[in-house]
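Questions regarding the structure given below will be posed in turn.
Note that these values count all heavy atoms, side chains included, but never hydrogens, waters or copies made by symmetry. Counting starts at 1 for both ligands and their atoms, following the listed order.
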Amino acid sequence: MANFNIDHTKDNTYDVIVIGSGMSGGWAAKEFTEKGLKTLVIERGREVKHNVNYPTTNMNPWEFKHRGRIPEDVKKENPIASKCYVFNEDAEHFVSKDKEHPYVQEKPFDWIKGYQTGGKSLLWARQTQRLSDFDFEGPARDGFAVDWPIRYKDLAPWYSHVEKFVGIAGNLDGLDILPDGEFLPGMELNCLEKYFKSSVEKNYTNRHVISGRCAHITENRDIFAQQGRGQCQYRNLCQRGCPFGGYFSSNSSTLPWAMKTGNLTMIHNSVVESILYDEQKEKATGVMVIDDETKEVKEYFASIIFVNAGALNTNLILLNSKSSRFQEGLGNDNGLLGKYVAFHNYRARMSGEFDGYADKHTTGREPTSAYLPRFRNVEKQETNFLRGYASGFTARRQILQDTSGIGNNLKEGLLNPTYGVWQVGSHMMGETIPKEENQVSLDREKKDDWGIPLLKIDIAYDDNDEKMIKDYHEQFTQMFEEAGFTNIRTYDSKQAPGLDIHEMGGVRMGKDPKTSLLNKWNQLHSCQNVYVTDGACMTSTATQNPSLTYMALTARACDHAIKASKKG
Ligand SMILES: Cc1cc2nc3c(=O)[nH]c(=O)nc-3n(C[C@H](O)[C@H](O)[C@H](O)COP(=O)(O)OP(=O)(O)OC[C@H]3O[C@@H](n4cnc5c(N)ncnc54)[C@H](O)[C@@H]3O)c2cc1C
Ligand code: SF4
């Protein structure tokens with residue numbers, strides 16, 4: 001697009017533009033600014049400064065107007081957001097409201113969004129595991145999706161790079177399926193979790209119960225002090241924003257770090273409408289931005305553009321970036337942009353009780369739980385479904401406090417609780433298979449308040465997902481019975497896709513431009529100065545919580561972009 005205002009162009013020109021300030025965008029900002037590149041981060045949401053804009057972080061339960069709950073009228077106005085477990089009185093201000101950001105559901109899909117500085121990194125559950133070669137080789141070996149253009153060895157140094165800065169608590173478990181990382185001391189399992197671990201590991205050679213690896217600082221180190229972050233205090237109120245910086249968020253870590261370099265410019269309340277493409281230069285030149293409030297349109301320019309708007313919004317921006325060269329969206333020569341979207345299947349749960357350890361109970365709070373890495377179809381295909389599932393496991397003792405009475409009686413009742421039976425629970429995190437028909441596209445008629453077409457989401461479970469749920473219930477019933485648990489119950493929440501908040505794909509990486517959008521460095525095959533390093537780039541989903549992989553892919557792609565730009 002021609003731009004005749006030379007001064008305006010010069011003022012609005014940077015080395016790099018990063019779209020989105022969340023988990024992955026924060027990493028792009030850190031990596032580029034550290035290396036001296038003038039970087040503009042464009043964020044559609046409002047500014048949330050670490051420790052300045054965490055309004056509820058130090059509030060006591062009795063200080064909340066609705067005792068922490070969401071009033072029914074607010075729930076009614078937000079039927080989708082209110083399904084998310086962090087949509088409570090203490091954190092609902094970090095979850096985007098349904099009415100403000102509509103989308104079209106061809107099939108039911110619960111899209112959870114956090115439009116603000118830091119994106120969803122403020123809200124996440126901080127579970128972090130590396131993918132292994134069982135995951136990177138999976139699509140080629142099991143014959144689904146396209147082959148990943150990278151293997152574990154390509155990403156391993158970047159996982160290390162990210163982990164050392166983020167701070168990951170975990171143990172060296174020595175499992176091929178879940179490679180070890182650069183860990184801080186892991187959090188301890190409680191007595192019943194340890195008991196379940198010994199029961200499972202006695203009965204199966206390929207099943208393991210480990211402490212959930214999580215992005216919490218459990219040991220002070222210089223690198224965290226330099227970020228102004230301290231050790232986790234086990235408050236378990238992370239979704240409010242942590243005053244200690246005990247868990248990783250872009251707000252507490254990468255963004256202030258980038259700001260300190262003097263090379264970062266951040267603009268908020270600025271919605272990226274599209275990426276600008278120059279037909280003569282055959283590359284992207286910048287972005288078109290709409291002011292959230294005034295609706296004023298501005299253009300910003302850079303020679304490198306990183307798209308980190310969160311998987312589905314990244315798809316939307318690329319689909320909406322049309323030119324005569326790319327009539328169906330930027331980089332979309334093969335018509336596959338927006339297709340092969342996948343997610344995690346979180347529908348299945350288990351519960352049970354344990355009649356033992358009567359002399360023991362849990363105290364305090366722990367911001368992680370036990371984790372069972374995937375054990376199905378790892379070395380060989382052994383079930384009637386493809387791939388497998390990881391799962392969480394928790395054991396807690398019910399606390400029974402007598403809240404009747406007043407004055408001293410009440411105080412005594414609260415201070416001397418009795419304990420009920422031990423309760424155990426598990427939830428499944430299943431891999432879904434990317435399929436062409438699971439896709440997002442632009443609605444032809446409906447537009448949002450900024451005149452941008454609404455995203456139409458057409459995604460559903462399939463038979464593979466149903467079979468996996470059945471298997472999880474069977475296998476966990478067996479493991480619970482072997483451990484002597486009673487009152488074992490299986491649940492299928494039947495929840496729509498989306499609530500897992502691990503949406504991935506649509507702009508997948510691959511070796512062949514005919515079947516993928518991005519190359520092995522996360523560059524669009526046909527517009528190589530545009531990189532996509534959030535969940536949209538994922539070729540397959542694996543079973544691991546994905547954000548650590550987005551961060552590692554981002555750091556690796558930044559390194560590539562910096563080297564490529566030095567070469568001119
Ligand atoms: C309750 C909850 C629990 C979770 N638990 C885990 C977990 O345990 N482990 C894990 O790995 N993951 C977890 N996740 C998922 C994790 O938060 C996401 O994977 C991660 O934040 C994605 O990073 P991102 O950079 O792609 O997107 P985000 O962090 O969402 O950031 C995207 C940013 O882009 C901005 N943006 C969007 N569109 C535009 C536009 N057009 N113009 C400008 N800016 C735009 C958004 O406002 C946002 O700030 C959880 C999420 C939630 C909500
Ligand atoms: S559990 Fe740790 S990280 Fe979470 S709010 Fe408490 S101190 Fe912060």
Side-chain angles (χ1 to χ4, degrees), residues 18-28 41-46 48 54 57 81 84-87 91 94-96 101 112-129 167 169 187 212-218 229-252 267-274 287-290 292 306-314 316-317 320 344 364-368 392 429 448 450 452 499-504 532-538 544-551 554:
V18 179
I19 306 173
S21 69
M23 193 87 73
S24 58
W27 265 92
V41 172
I42 306 176
E43 170 53 54
R44 71 172 298 156
R46 70 194 167 92
V48 174
Y54 299 159
T57 191
C84 181
Y85 68 93
V86 292
F87 195 74
F94 293 145
V95 183
S96 302
H101 302 290
I112 306 298
K113 315 171 205 87
Y115 292 167
Q116 63 248 327
T117 323
K120 297 190 293 282
S121 77
L122 272 175
L123 291 169
W124 69 319
R126 309 154 313 276
Q127 297 298 301
T128 35
Q129 311 96 21
M187 295 190 185
R213 300 169 183 177
C214 58
H216 285 255
I217 297 176
T218 50
R229 297 173 58 207
Q231 213 166 318
C232 174
Q233 307 293 311
Y234 296 86
R235 303 180 339 141
N236 219 356
L237 300 172
C238 315
Q239 69 283 355
R240 299 180 182 184
C242 175
F244 309 97
Y247 78 96
F248 171 85
S249 66
S250 307
N251 311 58
S252 66
I267 53 171
H268 285 89
N269 306 308
S270 302
V271 184
V272 172
E273 191 252 12
S274 58
V287 294
M288 172 106 82
V289 170
I290 304 173
D292 179 39
F306 264 59
V307 197
N308 296 94
L312 297 185
N313 275 314
T314 286
L316 196 165
I317 292 168
N320 202 36
H344 279 156
R365 307 180 179 103
E366 198 173 54
T368 191
M429 296 169 274
D448 66 14
W450 302 270
I452 299 172
L499 263 195
D500 48 290
I501 325 179
H502 292 169
E503 55 275 6
M504 292 175 239
V532 174
T533 64
D534 60 16
C537 76
M538 298 288 281
Q544 289 85 330
N545 293 74
S547 304
L548 181 69
T549 299
Y550 307 165
M551 293 191 263
T554 303

task: Establish, yes or no, whether a centroid distance under 6.0 Å links the rings of H101 and W450.
output: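 Distance test on ring centres: under 6.0 Å, yes.
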- prompt: Which ligand 1 atoms does I42 reach within 4.0 Å, using its non-hydrogen atoms?
  reply: 43 (C), 44 (N)
field: Which of the ligand 1 atoms, numbered from 1, are nearer than 4.0 Å to a heavy atom of G310
entry: 26 (O), 27 (O), 32 (C)
statement: Heavy-atom proximity to atom 14 (N) of ligand 1, picking from W124, W450, Y85, points to W124
task: Can you sort out which atoms of ligand 1 are near Q127, meaning under 4.0 Å from one of its heavy atoms?
output: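 The atoms of ligand 1 under 4.0 Å from a heavy atom of Q127 are 7 (C), 8 (O), 9 (N), 10 (C), 11 (O).
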- request: List every atom of ligand 1 that sits less than 4.0 Å from any heavy atom of G20, numbering the atoms from 1 in the order shown and giving each element.
  value: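 The atoms of ligand 1 under 4.0 Å from a heavy atom of G20 are 33 (C), 34 (O), 35 (C).
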query: Short list, please: which atoms of ligand 1 are under 4.0 Å from a heavy atom of A125?
result: 3 (C), 4 (C), 5 (N), 6 (C), 7 (C), 8 (O)
query: Numbering the atoms of ligand 1 from 1, which are under 4.0 Å from a heavy atom of Y115?
result: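 The atoms of ligand 1 under 4.0 Å from a heavy atom of Y115 are 46 (C), 47 (O).
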- prompt: In Å and rounded to the nearest 0.5 Å, what is the CE to OG1 distance from M538 to T549?
  reply: 5.0 Å
- request: For residues C232 and F244, determine if any side-chain heavy atom of one lies less than 4.5 Å from a side-chain heavy atom of the other.
  value: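 No, their side chains stay 4.5 Å or more apart.
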query: Among N545, L123, I452, whose heavy atom sits nearest atom 7 (C) of ligand 1?
result: N545
field: Numbered atoms and elements of ligand 1 in range of D534, under 4.0 angstrom, heavy atoms
entry: 26 (O)
query: In chain order, what residues pass the side chain to side chain donor-acceptor pair (under 3.5 Å) check against E366, with sequence neighbours excluded?
result: none
Closest candidate by heavy atom, reference atom 24 (P) of ligand 1, pool S24, G22, G45: S24
- prompt: Any nitrogen or oxygen of V272, main chain or side chain, under 3.5 Å from a nitrogen or oxygen of ligand 1?
  reply: yes
Residue-ligand contact S270/ligand 1, heavy atom below 4.0 Å: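 Contact present.
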query: What protein heavy atom sits nearest atom 10 (C) of ligand 1, and how far away is it?
result: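 It is S547 OG, 3.2 Å.
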- request: Name the option, out of E43, H268, M23, M551, that contains the heavy atom nearest to atom 49 (O) of ligand 1.
  value: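 Nearest option to atom 49 (O) of ligand 1, by heavy atoms: E43.
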task: Enter the distance from E43:CD to T117:OG1 here, rounded to the nearest 0.5 Å.
output: 6.0 Å
- prompt: Quick one: does E273 get a heavy atom under 4.0 Å from ligand 1?
  reply: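 No; E273 lies far enough from ligand 1 that no heavy-atom distance drops under 4.0 Å.
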task: Using the side-chain contact (heavy atoms from CB on, under 4.5 Å) rule, pick out the option among V287, I452, L316 that qualifies with V272.
output: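 With V272 as partner, side-chain contact (heavy atoms from CB on, under 4.5 Å) holds for just one option, V287.
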field: Side-chain donor or acceptor of N308 paired with backbone N/O of G22 under 3.5 Å
entry: no
Region of Q239 engaging ligand 1 - heavy atom pairs below 4.0 Å: neither
- prompt: Is the closest side-chain donor-acceptor distance between D292 and Y115 under 3.5 Å?
  reply: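 Their side chains do not contain a donor-acceptor pair, so the 3.5 Å distance test is not met.
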message: Checking a contact table here: which protein heavy atom is nearest atom 51 (C) of ligand 1, and how many Å away?
response: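 Protein heavy atom with the smallest distance to atom 51 (C) of ligand 1: I501 CG2, 3.6 Å.
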query: If you leave out waters, which protein N, O or S atoms are less than 2.8 Å from atom 8 (Fe) of ligand 2?
result: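 The answer, once waters are left aside, is C242 SG.
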- request: For the pair T368 (side chain) and G212 (backbone), establish whether a donor and an acceptor sit closer than 3.5 Å, ignoring hydrogens and angles.
  value: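 Pair found, side chain donor or acceptor close to backbone of G212.
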- request: Flag R126 as yes when one of its N or O atoms lies below 3.5 Å from any N or O atom of ligand 1, and as no otherwise.
  value: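 Such a contact does occur with ligand 1.
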Protein heavy atom at shortest distance from atom 45 (C) of ligand 1: R44 CG, 3.6 Å
Any donor-acceptor pair under 3.5 Å from S252 side chain to F248 backbone: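 Between the backbone of F248 and the side chain of S252 there is no qualifying donor-acceptor contact (under 3.5 Å).
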message: Parallel, tilted or perpendicular, judged at 30° and 60°: which one describes the rings of Y247 and H216?
response: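 Y247 vs H216 ring planes: tilted.
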